Amino acid sequence: MPARAFVDCHSHVVPSGDDGARNVGEGVALCRDAVASGTRLLYATPHVWPDLRMHEARERRFREAAAELAALVEGLELRIGFELTPDRSLLDDDPRRYRLEGTAVCLVETPFSGGLATFFAVAEHVESAGLTPLIAHPERSLSLVGTPGHRDALLERDWPLQITASSLTGRSGADSEALAWRLLGDYDRVVVASDGHGHHRPARLDAAWAAVSERLGSEIAARAFGGAILGVAPATADAARPAASS
Ligand SMILES: [Fe+2]
């Protein structure tokens, strides 16, 4: 991966009625900031919550907003995906509709607290459709941080993991920071994503990339920020060029 041509597989930069960008203008600002920080391929992954499902009208509005936003931001390929919050109702859905565009991967978040039974059921449902669950921010799950047995049960599945960039720089607390670094250093299939929601948590990967490059070396940094684990890469040679303002 050329330095600073990041693939960010998890963000909420496209308005969808959840807690991400509130309108296209805010999304454009988040995307331009992402480009300035070195991101070249960015997935917009609205929440699919138990109480905010991806019904037809919501998905149509989301896709229209994504197309409008993509046309307003230069130097960025914006792709569509979704972030599944484990819920039994998802077991009645076809997981293929929730793939990260251009991959055979579904982003499934870990519960922030409580047991993991529903989480495992949903992740296995994804697998049964021939897809791979990408496990979102395990380092931020109290169920995993505080319970080594839960952690072992997850890690033995060998699913790829997605660490949130700001966890590596301490935003989620010392325990999450320590687990994020441990997972990134110990496992091959770990990607770093912004989970950018707004100005309070922007869609930037540059600070985490610099920290990982310094602490774990350029090979792990390239693997974690470059998209190879997902089988994707920025589309053009221009992607290798960092933006002037970065
Ligand atoms: Fe998210």
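Below, all heavy atoms of this structure are taken into account, side chains as well, without hydrogens, waters or symmetry copies. Since the model is a prediction, treat every value here as computed from it, not as a measurement.
Using a 4.0 Å cut-off between charged side-chain N and carboxylate O, E59 and R97 make a salt bridge. Ion pair D8/R204 not flagged as a salt bridge, since none of the NZ, NE, NH1 or NH2 atoms sits closer than 4.0 Å to an Asp/Glu carboxylate oxygen.
Taking both residues in full, the closest heavy atoms of A193 and L205 are given as C-CD2, 3.6 Å, listed atom of the first, atom of the second, then distance. Listed here is the closest heavy atom pair of P15 and L69: CD-CD1, 4.5 Å. Nearest approach of A44 to P46, heavy atoms of both residues: O-CD, 3.4 Å. Across L41 and A233, no two heavy atoms sit closer than the pair CD2-O, 3.8 Å. Shortest non-hydrogen contact noted between C9 and T45 is O-CG2, 3.5 Å. Taking every heavy atom of both residues into account, A65 and V14 meet most closely at CB-CG1, 3.8 Å.
Side chain to side chain, S16 and R61 fail the donor-acceptor criterion of an N or O pair below 3.5 Å. Side-chain contact annotation: E139 with S167, donor-acceptor N/O pair under 3.5 Å present. Side-chain atoms of R140 and T164 include a donor-acceptor pair closer than 3.5 Å.
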- side-chain contact (heavy atoms from CB on, under 4.5 Å) between D33 and L30: does it pass, once the steps are laid out? CA-CA 5 Å; D33 188 42; L30 287 166; 5.7 Å; no
- Item | Step-by-step side-chain hydrogen bond (donor to acceptor under 3.5 Å, both in side chains) determination, H12 to D195 | CA-CA 7 Å; H12 302 273; D195 196 6; 3.0 Å; yes
- Should T118 and R88 be marked as a side-chain contact (heavy atoms from CB on, under 4.5 Å) after you check the CA-CA gap, both sets of side-chain angles, and the distance that decides it? CA-CA 6 Å; T118 303; R88 294 262 161 201; 3.8 Å; yes
- Item | Worked verdict on L161 versus V191 for side-chain contact (heavy atoms from CB on, under 4.5 Å) | CA-CA 6 Å; L161 308 175; V191 300; over 6 Å; no
- Message: One pair to check against salt bridge (charged side-chain N to carboxylate O under 4.0 Å, His left out): D18 and R58. What are the steps and the verdict?
- Response: CA-CA 10 Å; D18 62 13; R58 183 184 174 211; 3.8 Å; yes
- Task: Using the side-chain contact (heavy atoms from CB on, under 4.5 Å) rule, take C31 and L42 through it: C-alpha gap first, then chi angles, then the decisive distance, then the call.
- Result: CA-CA 8 Å; C31 286; L42 175 63; 4.0 Å; yes
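Of the possible polar contacts, one joining the R40 side chain to the V35 backbone as a donor-acceptor pair under 3.5 Å is found. N23 contributes a side-chain N or O that, together with a main-chain N or O of G25, makes up a donor-acceptor pair within less than 3.5 Å. Using modelled atom types, one side-chain atom of T110 and one backbone atom of A136 make a donor-acceptor pair closer than 3.5 Å. For the pair T103 (side chain) and V105 (backbone), a donor-acceptor distance under 3.5 Å is present. A donor-acceptor pair under 3.5 Å is formed between the side chain of R151 and the backbone N or O of V145. Proximity of a side-chain donor or acceptor of S176 to a complementary backbone N or O of G173 within less than 3.5 Å is not detected. Remark: the backbone N or O of T85 is not paired with any side-chain donor or acceptor of E109 at under 3.5 angstrom. Counting only distance, with no hydrogens or angles, the side chain of T147 and the backbone of L144 share no donor-acceptor pair below 3.5 Å. Using a distance-only test at 3.5 Å, with no hydrogens or angles considered, a donor-acceptor pair links the side chain of S141 to the main chain of P111. With R99 contributing its side chain and G81 its backbone, the two residues share no donor-acceptor pair below 3.5 Å.
At a threshold of 4.5 Å between side-chain heavy atoms, the hydrophobic network of Ile, Leu, Val, Met, Phe, Trp and Tyr places F119 and F112 in two separate groups. Cluster annotation: V126 and W49 are assigned to distinct hydrophobic clusters (Ile/Leu/Val/Met/Phe/Trp/Tyr, side-chain heavy-atom contacts under 4.5 Å, transitive). Hydrophobic clustering of Ile, Leu, Val, Met, Phe, Trp and Tyr side chains at less than 4.5 Å, counting indirect connections, keeps V13 apart from L52.
Here the straight-line distance linking atom NE2 of H55 with atom CZ of R60 works out to 10.0 Å at 0.5 Å rounding. For the atom pair L131 CG and H125 NE2, the distance stands at 9.5 Å (nearest 0.5 Å). One finds the CZ atom of R63 at 16.0 Å from the CD atom of E68 (value rounded to the nearest 0.5 Å). Here the OG atom belonging to S213 is positioned 12.0 Å from the CD atom belonging to E219, to the nearest 0.5 angstrom. Y43 OH to S194 OG: the interatomic distance, rounded to the nearest 0.5 Å, is 13.5 Å. Here the straight-line distance linking atom CG of D186 with atom CG of L155 works out to 9.0 Å at 0.5 Å rounding.
For the pair L184/L168, a side-chain contact is recorded, criterion being any heavy-atom separation below 4.5 Å from C-beta on. In this structure the side chain of F225 never reaches within 4.5 angstrom of the side chain of V7, judged on heavy atoms. Contact annotation: the side chain of L179 never approaches that of P138 to less than 4.5 Å [non-hydrogen atoms, C-beta and beyond]. Looking only at side-chain heavy atoms (C-beta outward), R223 and R189 stay at 4.5 Å or farther from each other. Side-chain contact check for L134 versus C106: every heavy-atom pair is 4.5 Å or farther apart. Side-chain contact between R53 and D93: present, with at least one pair of heavy atoms (C-beta onward) separated by less than 4.5 Å. Between V48 and E83 the shortest side-chain heavy-atom distance does not fall below 4.5 Å. The closest side-chain heavy-atom distance from V24 to L72 is below 4.5 Å.
A cation-pi contact, defined as under 6.0 Å to the ring centre and within 45° of the axis, links R215 to W181.
The six-membered or imidazole ring of H197 lies away from that of H10, with a centre-to-centre distance of 6.0 Å or more.
With sequence neighbours excluded, the residues forming a ring-ring contact (aromatic ring centres under 6.0 Å, His included) with F82 are F62, Y98, listed by chain and number. A search for side chain to side chain contact (heavy atoms under 4.5 Å, CB included) contacts involving L142 returns nothing, not counting sequence neighbours.
More than 12 heavy atoms of other residues, nucleotides or ligands shown are found within 6.0 angstrom of CZ on R157.
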